[in-house]
Amino acid sequence: MELAFRTDRGQVRTQNEDAVLILGDALSGVALVADGMGGHAAGEIASQIVIEEFRRAFPYLPSSPIEIERWFRHHIDLANEQVLQFAKQSNLVMMGTTMAAVCWNGETVVIVHIGDSRVYALTENELRRLTEDHSYVNMLKQLGELTEEEMRVHPKRNVITRAIGSSDQVEPDVQVLAEPEFESILICTDGLTTHVTDEVIQRVLQQAVTVDQKAEQLIVEANQLGGSDNITVALVQFTDRKRG
């Protein structure tokens, strides 16, 4: 197994409100990205709250799929409480963060997300998007009112419908996959996918280079196309075998 991550401010933003965490080994681990929002460092703090919550929780990662799902939900609730409390104490009207995470344990993969950060999986010749954005533009796309291309340029493309810190209760989407045949997994913030198409992502992931070089190339691709937002990627590449 090879692990890599990159995070970049991009070409426009003055600070980086994204955060990333990868912990573990070939047997078990977790990879997570968070994209904070709120301005005046609020977004940066929100995303870091999520990262630190899961960093502290990782030594207590359970082994069974059901318990892993409960572990995720419990620590998302704790992170949500912390973000809400910080916002209240700091008199911040708007503060929150997305989250996309993957946990692998033996032959099981658990995928969790809130907001518009995404999880992709590469199989032999196919890149699969495993998450559905919790966003206004994706709602319109599901209704048949927008295409993928129109989503990228819509004036409300940054409006998300779920976030950690947005309400007292936050509901993640959780998928538990038994023995999926994945060659690699990409977790990323929308700073990548706003600019870089799934076709280009697939081409980069299929290159015969190291996982670090792939992560770096994804950042380069987004920046060359404008880099309008912070860009973060985490890559998990199963080098010894496919999942399953």
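Nothing here was measured: the structure is a model prediction, and the numbers come from that model.
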same_hphob_cluster(Met37, Ile76) at 4.5 Å side-chain heavy-atom cutoff: no

By the definition side chain to side chain contact (heavy atoms under 4.5 Å, CB included), identify the one residue from Asp198, Thr193, Val119 that meets it with Arg129. Asp198

Is it the case that the side chain of Gln202 and the backbone of Asn125 share a donor-acceptor pair, with hydrogens and angles ignored and the cut-off at 3.5 Å? yes

Within the distance-only criterion (no hydrogens, no angle test), does the side chain of Glu67 pair as donor or acceptor with the backbone N or O of Ser64 below 3.5 angstrom? no

Given Thr232, which partner from the list Asp190, Asp35, Asn16, Asp18 fulfils the side-chain hydrogen bond (donor to acceptor under 3.5 Å, both in side chains) test? Asp18

Nearest heavy-atom approach of His195 to Ser228 is NE2-OG, 2.9 Å

Cluster question for you: counting only ILVMFWY and a side-chain heavy-atom cut-off of under 4.5 Å, with indirect links fine, are Leu61 and Leu23 together? yes

As an exercise, state the distance from CZ of Arg13 to CD1 of Ile231, rounded to the nearest 0.5 Å. 10.5 Å

With side-chain contact (heavy atoms from CB on, under 4.5 Å) as the test, would you mind laying out the steps for Leu235 and Phe5 before giving the verdict? CA-CA 6 Å; Leu235 275 170; Phe5 68 86; over 6 Å; no

Gap separating the CD1 atom of Ile51 from the CE atom of Met99, nearest 0.5 angstrom: 8.5 Å

In terms of hydrophobic clustering (I, L, V, M, F, W, Y; side-chain heavy atoms under 4.5 Å; direct or indirect links), are Leu130 and Val196 co-clustered? no

Would one find more than 12 heavy atoms of other residues, nucleotides or ligands at under 6.0 Å from atom CG of Leu143? yes

Could you walk me through whether Trp71 and Phe54 satisfy the ring-ring contact (aromatic ring centres under 6.0 Å, His included) test, starting with their C-alpha distance in whole Å, then the side-chain angles of each, then the deciding distance to 0.1 Å, before giving a yes or no? CA-CA 10 Å; Trp71 178 83; Phe54 280 92; 5.4 Å; yes

Tell me if the CG atom of Asp168 is crowded by more than 12 foreign heavy atoms within 6.0 Å. no

Nearest heavy-atom pair of Leu146 and Val137: which atoms, and what distance? CD1-O, 3.8 Å

For the residue pair Ile22 and Ala31, what are the closest heavy atoms and their distance? CG1-CB, 3.9 Å

Does a side chain donor of either Gln217 or Glu221 reach within less than 3.5 Å of an acceptor in the other side chain? yes

Please confirm whether the backbone N or O of Arg203 pairs with a side-chain atom of Gln206, one donor and one acceptor, at under 3.5 Å? no

Locate the shortest heavy-atom distance separating Asn80 from Gly165; write the atom from each residue and the value. OD1-N, 2.6 Å

State, to 0.1 Å, how close Ala42 and Leu92 come at their nearest heavy-atom pair, and which atoms those are. CB-CD1, 3.8 Å

Checking the side chain of His113 only, and the main-chain atoms of Thr131 only, is there a donor and an acceptor separated by less than 3.5 Å? no

Would you check if there is a donor-acceptor pair between the side chains of Gln82 and Glu53 at a distance under 3.5 Å? yes

With side-chain hydrogen bond (donor to acceptor under 3.5 Å, both in side chains) as the test, pick out the partner of Thr98 among Ser47, Ser117, Ser135. Ser117

Atom of Ser28, atom of Asn105 and distance for their closest heavy-atom approach: CB-ND2, 3.4 Å

Lys214 side chain vs Val204 backbone, donor-acceptor pair below 3.5 Å: no

Honestly curious: do Val83 and Leu78 fall in one hydrophobic cluster under the side-chain, below-4.5 Å linking rule? no

Judged by atom type as modelled, is there a donor-acceptor pair below 3.5 Å linking the side chain of Arg128 to the main-chain atoms of Leu122? no

Taking a hydrophobic cluster as the set of Ile, Leu, Val, Met, Phe, Trp and Tyr residues connected by side-chain heavy atoms closer than 4.5 Å, whether directly or through intermediates, do Leu218 and Ile187 fall within one such cluster? no

Pair Asp133, Lys141 - check salt bridge (Lys or Arg N to Asp or Glu O under 4.0 Å), show working. CA-CA 10 Å; Asp133 296 350; Lys141 179 190 170 189; over 6 Å; no

Heavy-atom check, side chain of Leu192 versus side chain of Tyr120, under 4.5 Å: no

Do Gln11 and Asn223 pair up side chain to side chain, a donor and an acceptor below 3.5 Å, judged on atom types alone? yes

Test item: Ser90 side-chain N/O and Phe86 main-chain N/O as donor-acceptor pair under 3.5 Å: yes

Around atom CD of Gln169, are there more than 12 heavy atoms from other residues, nucleotides or ligands closer than 6.0 Å? no

Steps toward salt bridge (Lys or Arg N to Asp or Glu O under 4.0 Å) verdict (Arg73, Glu69): CA-CA 6 Å; Arg73 291 183 182 277; Glu69 178 176 350; 3.2 Å; yes

Residues Asp173 and His134: side-chain donor-acceptor under 3.5 angstrom: yes

